[in-house]
Amino acid sequence: MRIAVISVHGCPLLTAGAREAGGMNVYIATLSRELGARGIGVDVFSRWHAPEVPEIENLAPNVRVIHLEASGRQFLSKDEIYPHLAQFEAGVLAFERREGRGYDLIHSHYWLSGLVGLGLQRDWQTPHVAMFHTLGAVKNQARAGEHESDLRIQSEQQIIRQADAVVVASPQEEARLKRLYDHAQGKVRVIPCGVDTDTFRPLEMAEARRHLGLNGERILLFVGRPDPLKGLEILIGAASLLEHPKGVRVLVVGGEGDQSDSAYQPIHALAQTLDIAEQVSFTGAVSQQQLPYYYSAADVCVVPSYYESFGLVALEAMACGTPVVASRVGGLQTTVRDGETGFLIPWHCPEPFAERLDLLLVNETLRQSLGEAAHTAAQAYRWPAVADSVLELCEELTTIPAAPFHTYEV
Ligand code: UDP
């Protein structure tokens, strides 16, 4: 089987945590590797995002990343890409003609890529599996201040209507999709995201701290893209409300890592106002290989997001044996088990987070037992099982005819 993966703005070679790269990039890279290891040919088509990257790069055995021009070779934010989708789609078609080898299945990621996927589905008469990772209508409901466009939401409707299957990562996302979008009946498949348990494994806390040059402070870890939806201000507020805030460090992993990262300006300002700026450190984006040291060095991983369709960070922390205190939203409600592997907080405000964090920071036995249970629970999400489920869906679909025609406006 040969699969064309469409990920216009999410190149799997980008470092997650910086700019717009995050869970989707990690998901595509890891799933592609797993499929490649099973002998599936995977070509990931992504927009050329820097002049120095080559057109074709081998990611793993049987897996290539193909960079295509869509308005030049410079970085464009995902909000700027829509007008260039037709050029991108033409690039995929030209590449396929040039090689003279077709694809059995299209797997698109995010709505922009879903639109390209619909065009390819029509031209190649090939089944199309779409995965949104986030949905516009769900984001708009999650947090005041989110303004995802009608164009995005209508495009998502069109993709759900015309693609052969839609993968969502959690039952909560399935419920939201069915409530907020039409035509989803019978098309949605829930397949959770996975965690690489070889990489994300418990390391000795003291050793992890030595490796990172950290001292004996209690560490509350935040890992993620600098995106307001991640709710970092809730953690900063919670840290200032702890019973003994002075012995605690909030470690923020992701973003550019220095004072000049404008995305973090409101966070710096809040930390100053709450008089805990000295206890908040910004490391910048950290590679997947280094992240287990951070998770293992932390007392608690905090995920105060307003929404997560799945929430890989919580799962990675759990796999490293670190308890998670997370918002009771989206997929986090499945991965984090309240009182067993961490705590789920139903309110987007600092006080209940502080209360649970205090409980874990004073009670080492509880913290350790939740961490051990978290590690055990994470094993259910090992990547080979996830890849098997995706492959099963692909095999089902390659025996059915592709859905009909589509156009999009440019
Ligand atoms: N990540 C990373 N380095 C960083 C920050 C984040 O590799 O500095 C990765 C993290 O390990 C996780 C992903 O980015 O795999 C974030 O996924 P999640 O589902 O938590 O959030 P999303 O980015 O999808 O909103």
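Values reported hereafter were calculated over all heavy atoms of this structure, with side chains retained and with hydrogens, waters and symmetry mates removed. As the structure is a computational prediction, the values presented were derived from the model and not from experiment.
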**Student:** Could you measure the distance from the CD atom of Q279 to the CZ atom of R249? Nearest 0.5 Å is fine.
**Tutor:** 6.5 Å
**Student:** Indicate the atoms forming the closest heavy-atom contact of I28 with G10, along with that distance.
**Tutor:** CD1-O, 4.2 Å
**Student:** Are the side chain of Q87 and the backbone N or O of S71 linked by a donor-acceptor pair below 3.5 Å?
**Tutor:** yes
**Student:** Step through it carefully: locate the ring centre of Y27, locate the ring centre of W383, and say whether they are under 6.0 Å apart.
**Tutor:** yes
**Student:** Decide side-chain contact (heavy atoms from CB on, under 4.5 Å) for E173 and V188; before the verdict, give the C-alpha distance in whole Å, the side-chain angles of both, and the deciding distance to 0.1 Å.
**Tutor:** CA-CA 10 Å; E173 190 75 348; V188 184; over 6 Å; no
**Student:** Check whether any side-chain heavy atom of R38 lies under 4.5 Å from a side-chain heavy atom of D388, and answer yes or no.
**Tutor:** yes
**Student:** Measure the CE-CD1 distance between M205 and I219 for me, rounded to the nearest 0.5 Å.
**Tutor:** 7.5 Å
**Student:** Using the side chain to side chain donor-acceptor pair (under 3.5 Å) criterion, which residues pair with R19? Sequence neighbours excluded.
**Tutor:** none
**Student:** At their closest point, which heavy atom of D164 faces which heavy atom of P127, and how far apart are they?
**Tutor:** OD2-CA, 3.3 Å
**Student:** For the pair R218 and E364, find out whether any cationic side-chain nitrogen is under 4.0 Å from an anionic carboxylate oxygen.
**Tutor:** yes
**Student:** If you round to the nearest 0.5 Å, how far is CH2 of W111 from CD of Q157?
**Tutor:** 13.5 Å
**Student:** Would the distance check show the side chain of Y181 and the main-chain N or O of A137 forming a donor-acceptor pair, the cut-off being under 3.5 Å?
**Tutor:** yes
**Student:** As an exercise, state the distance from CD of E20 to CZ of R225, rounded to the nearest 0.5 Å.
**Tutor:** 8.0 Å
**Student:** Are any of the side-chain heavy atoms of L93 and L120 separated by less than 4.5 Å?
**Tutor:** yes
**Student:** Does R209 pair with D299 as a salt bridge, N-O distance under 4.0 Å?
**Tutor:** yes
**Student:** Hey, what do you get for CG (L151) to CD (E156), rounding to the nearest 0.5 Å?
**Tutor:** 9.5 Å
**Student:** Indicate yes or no for a side-chain donor-acceptor contact from N25 to the backbone of C11 under 3.5 Å, with no hydrogens or angles considered.
**Tutor:** yes
**Student:** Considering only NZ, NE, NH1 and NH2 on the basic side and carboxylate oxygens on the acidic side, decide whether E396 and R189 come within less than 4.0 Å.
**Tutor:** yes
**Student:** How long is the span from the CD1 atom in I234 to the OG atom in S305, to the nearest 0.5 Å?
**Tutor:** 8.5 Å
**Student:** Among V325, L242, V280, L360, exactly one meets side-chain contact (heavy atoms from CB on, under 4.5 Å) together with L220. Which residue is that?
**Tutor:** L242
**Student:** Under a 3.5 Å distance rule, please check whether R176 uses its side chain to pair with a backbone N or O of E174 as donor and acceptor.
**Tutor:** no
**Student:** Which heavy-atom pair separates V26 from T30 by the least distance, and what is that distance?
**Tutor:** O-OG1, 2.6 Å
**Student:** Given 3.5 Å as the limit, does a donor-acceptor pair link the side chain of E80 with the main chain of S77, or not?
**Tutor:** yes
**Student:** How would you list, by chain and number, every residue that makes a salt bridge (Lys or Arg N to Asp or Glu O under 4.0 Å) with R179, sequence neighbours excluded?
**Tutor:** none
**Student:** Considering only heavy atoms from C-beta outward, does the side chain of V250 approach that of L235 to under 4.5 Å?
**Tutor:** yes
**Student:** Report all side-chain donor-acceptor pairs from residues 335-357 shorter than 3.5 Å, counting only partners two or more places apart or in another chain.
**Tutor:**
| from | atom 1 | to | atom 2 | distance (Å) |
| --- | --- | --- | --- | --- |
| T335 | OG1 | G331 | O | 3.3 |
| D338 | OD1 | L344 | N | 2.8 |
| T341 | OG1 | R337 | N | 2.8 |

**Student:** Whether the side chain of S113 engages the backbone of S108 through a donor-acceptor N/O pair (distance < 3.5 Å, no angle test) should be reported.
**Tutor:** no
**Student:** Quick one: do the Y381 and E316 side chains pair a donor with an acceptor below 3.5 Å?
**Tutor:** no
**Student:** Just wondering, do L35 and L391 contact through their side chains at under 4.5 Å, heavy atoms?
**Tutor:** yes
**Student:** Are T199 and P292 close enough that some pair of their side-chain heavy atoms sits under 4.5 Å apart?
**Tutor:** yes
**Student:** Is there a donor-acceptor contact under 3.5 Å linking the side chains of T334 and Q172?
**Tutor:** yes
**Student:** Under the rule for salt bridge (Lys or Arg N to Asp or Glu O under 4.0 Å), what residues qualify as partners of K78, not counting sequence neighbours?
**Tutor:** none
**Student:** In the structure I gave you, are the side-chain heavy atoms of D196 and Q288 within less than 4.5 Å of one another anywhere?
**Tutor:** no
**Student:** Given 3.5 Å as the limit, does a donor-acceptor pair link the side chain of W48 with the main chain of E55, or not?
**Tutor:** no
**Student:** Ignoring hydrogens, what is the shortest heavy-atom contact between S7 and M24? Give both atom names and the distance.
**Tutor:** OG-CE, 3.8 Å
**Student:** Minimum heavy-atom separation for H128 and G114, please, with both atom names.
**Tutor:** CE1-O, 3.4 Å
**Student:** Taking only Lys NZ, Arg NE, NH1 and NH2, and the carboxylate oxygens of Asp or Glu, determine whether D182 and R161 approach each other closer than 4.0 Å.
**Tutor:** no
**Student:** Just do the side-chain contact (heavy atoms from CB on, under 4.5 Å) check on L180 and V138 with the steps written out, would you?
**Tutor:** CA-CA 8 Å; L180 296 172; V138 175; 3.7 Å; yes
**Student:** Answer yes or no: is there a donor N or O on one side and an acceptor on the other, between the side chain of R201 and the main chain of G321, under 3.5 Å?
**Tutor:** no
**Student:** If the test is side chain to side chain donor-acceptor pair (under 3.5 Å), which one of R152, K139, E308, E148 qualifies with T134?
**Tutor:** R152
**Student:** Which heavy atom in A208 sits nearest to a heavy atom in A297, and how many Å separate them?
**Tutor:** CB-N, 3.8 Å
**Student:** Write out all pairs satisfying ring-ring contact (aromatic ring centres under 6.0 Å, His included) with one or both partners inside residues 191-234, taking only residues at least two apart or from two chains.
**Tutor:** F200-Y295, H211-Y293
**Student:** Is any side-chain heavy atom of F282 closer than 4.5 Å to one of H268?
**Tutor:** yes
**Student:** Any salt bridge between D104 and R2, counting N to O under 4.0 Å?
**Tutor:** no
**Student:** Using a 4.5 Å cut-off on heavy atoms from C-beta on, say whether the side chain of L13 contacts that of H67.
**Tutor:** yes
**Student:** I would like to know whether I236 and I276 meet side-chain contact (heavy atoms from CB on, under 4.5 Å); could you show each step before the answer?
**Tutor:** CA-CA 8 Å; I236 301 296; I276 59 157; 3.9 Å; yes
**Student:** Between the side chain of H107 and the main-chain N/O of V129, is any donor-acceptor distance below 3.5 Å?
**Tutor:** yes
**Student:** Please evaluate residues F310 and V168 with respect to the criterion side-chain contact (heavy atoms from CB on, under 4.5 Å), reporting the C-alpha separation (whole Å), side-chain torsions for both, the decisive distance (0.1 Å), and the verdict.
**Tutor:** CA-CA 9 Å; F310 183 76; V168 295; over 6 Å; no
**Student:** Is E233 paired with R143 through a side-chain N to carboxylate O contact shorter than 4.0 Å?
**Tutor:** no
**Student:** For Q158 and Q154, indicate whether the former's side chain and the latter's backbone hold a donor-acceptor pair under 3.5 Å.
**Tutor:** no
**Student:** Name all residues meeting the salt bridge (Lys or Arg N to Asp or Glu O under 4.0 Å) criterion together with E278; count only those two or more places apart in sequence or in a different chain, and write none if there are none.
**Tutor:** none
